[in-house]
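Here the structure comes first, spelled out in structure tokens, and everything after it is commentary.
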Amino acid sequence: MDRPKAALDATAASRQKGPMTRVPVPDLDQLLQGNRAALARAITLAESKRADHRAAARELLDAALPHTGKAVRVGITGVPGVGKSTTIDALGSNLTAQGHKVAVLAVDPSSTRTGGSILGDKTRMARLAADPNAYIRPSPSSGTLGGVAAKTRETMLLCEAAGFDVILVETVGVGQSETAVADLTDFFLVLMLPGAGDELQGIKKGILELADMIAVNKADGEEGSRRAKAAAAEYRAALHILTPASATWTPPVVTISGLANLGLDALWATILDHRAKLTASGELAARRREQDVKWMWAMVHERLHQRLVGSAEVRAKTAAAERAVMAGERSAAAGADLIAALIGL
């Protein structure tokens, strides 16, 4: 296999502005051998906003692409406090004990003021954090809709190239656009809480249409089990009414306890059953091809945005347009036209 390092360094050097600095490009062979340091450097490169880093990351991803696509990709979402991290810690530990290599891409919310993020997922997944067959990569969401970091897809592909056969994507929570995680993974798991008052009040029709399974968490102890079963019955009724019928898959509703590790083996068996059925029907391959197209357009939108924020001259003109709109000197539509013209739209 041709190693792309020289080409990557050349591309980076040609795009570098200002003082020349070497782009920290990881070795592809080391990445494919599962070297964790090489994987960490590759992900850092992909997450960088520098133009030279982005160019190098694209070439590395292209070279690694033939070694991706074999992992089971699972998106996990739910409201804050539902126990996502606890459930992932238990499920991931079960899977590594069975010989799987598990990568957890945990997206933390970013501050809208400072852009900072706590990135505390490793502290909430103590067993996986110490497991040599697991890799946890917390990333700030940076305001991305759906709670999925802007570079989550690239990170997922790099983890697959490094030999991880299970990818668990933990989102911030039920946000503005959970289609982002559904368009990233093969299986979309929604965790729900029992006994939270009106069980149906927190359900969004869009979430139900995307869910491949609903799992009511915290079904431990006699009282917890009773409340979880009652909530599950409510969710089954809602799914029956709101979700379209499918010849291939009907989303089940189960009860689990991430804390007590109850029901997680059956949950994983259901995920594998879903994968087998969609693979046999050809839907899995078709879904992934559609996801590739959607993420292509997501990258186009990101690059358009970078055009707006990447130039000091453009930023100054957009700021002037904002001031004119706020002062009532220019309509919002006229301001939008001005900004669009700055990037040739």
Side-chain angles (χ1 to χ4, degrees), residues 24-28 30-50 53-54 56-58 60-61 64-65 67-77 84-93 95-96 100-111 115-144 146-173 180-181 183-187 189 295 298-299 302:
V25 179
D27 184 274
L28 177 64
Q30 290 185 4
L31 176 66
L32 298 180
Q33 292 167 12
N35 182 289
R36 298 170 76 93
L39 175 59
R41 289 194 298 270
I43 295 173
T44 299
L45 191 70
E47 290 179 343
S48 174
K49 294 183 178 180
R50 280 177 45 170
H53 287 190
R54 290 200 303 269
R58 284 196 296 272
L60 178 62
L61 281 164
L65 201 59
H67 306 277
T68 67
K70 298 178 181 178
V72 181
R73 304 169 180 174
V74 181
I76 301 177
T77 191
K84 294 187 294 294
S85 296
T86 302
T87 300
I88 291 172
D89 192 35
L91 175 62
S93 298
L95 294 175
T96 56
H100 292 283
K101 291 189 67 178
V102 179
V104 179
L105 311 183
V107 185
D108 267 4
S110 300
S111 168
S117 184
I118 297 174
L119 303 179
D121 297 274
K122 286 192 175 183
T123 64
R124 298 194 295 267
M125 303 178 194
R127 284 175 292 176
L128 278 184
D131 194 322
N133 289 318
Y135 182 79
I136 302 174
R137 180 72 182 201
S139 299
S141 63
S142 302
T144 308
V148 180
K151 297 299 182 182
T152 302
R153 177 176 172 78
E154 287 80 356
T155 301
M156 178 183 71
L157 294 175
L158 290 169
C159 288
E160 290 183 357
F164 290 91
D165 61 335
V166 177
I167 311 293
L168 304 178
V169 183
E170 178 197 3
T171 71
V172 172
V181 67
D183 287 339
L184 183 73
T185 55
D186 305 326
F187 190 93
L189 172 64
W295 279 89
M299 293 177 71
E302 179 191 352

To check you understand the geometry: which heavy-atom pair defines the closest contact between [X] and [Y], and what is its length?
X    : Y    : answer
E170 : S85  : OE2-OG, 3.1 Å
A71  : D186 : O-OD2, 3.8 Å
M125 : A106 : CE-CB, 4.5 Å
V102 : T96  : CG2-CG2, 3.9 Å
A134 : R36  : O-NH2, 2.8 Å
H53  : S48  : ND1-OG, 2.9 Å

Measuring from atom [atom1] of [X] to atom [atom2] of [Y], what distance do you get when rounded to the nearest 0.5 angstrom?
X    : Y    : atom1 : atom2 : answer
I43  : Y135 : CD1   : OH    : 4.0 Å
K84  : I76  : NZ    : CD1   : 10.0 Å
I136 : D131 : CD1   : CG    : 9.0 Å
T155 : L105 : OG1   : CG    : 6.0 Å
L158 : M156 : CG    : CE    : 10.0 Å
L189 : T87  : CG    : OG1   : 8.5 Å

Restricting to side-chain hydrogen bond (donor to acceptor under 3.5 Å, both in side chains), what partner residues turn up for N133, sequence neighbours left out?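 For N133, no residue satisfies side-chain hydrogen bond (donor to acceptor under 3.5 Å, both in side chains) once neighbours in sequence are set aside.
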Under the side-chain hydrogen bond (donor to acceptor under 3.5 Å, both in side chains) rule, collect the residues that match up with T185, sequence neighbours excluded. none
Cut-off 3.5 Å, side chains only: do T152 and R137 have a donor facing an acceptor?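 The answer is no; no qualifying pair exists.
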Please tell me if the side chains of L157 and E160 come closer than 4.5 Å, counting only heavy atoms from C-beta onward. yes
Can you confirm whether L31 sits close enough to L39 that some side-chain heavy atom of one is under 4.5 Å from a side-chain heavy atom of the other?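 SC-SC contact between L31 and L39 confirmed.
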Is it the case that the side chain of R153 and the backbone of D183 share a donor-acceptor pair, with hydrogens and angles ignored and the cut-off at 3.5 Å?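 A pair under 3.5 Å: no.
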For S93, give me all partners under side-chain contact (heavy atoms from CB on, under 4.5 Å), at least two apart in sequence or on another chain.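 Counting only residues at least two positions away or on another chain, S93 forms a side-chain contact (heavy atoms from CB on, under 4.5 Å) with D89, R127, L128.
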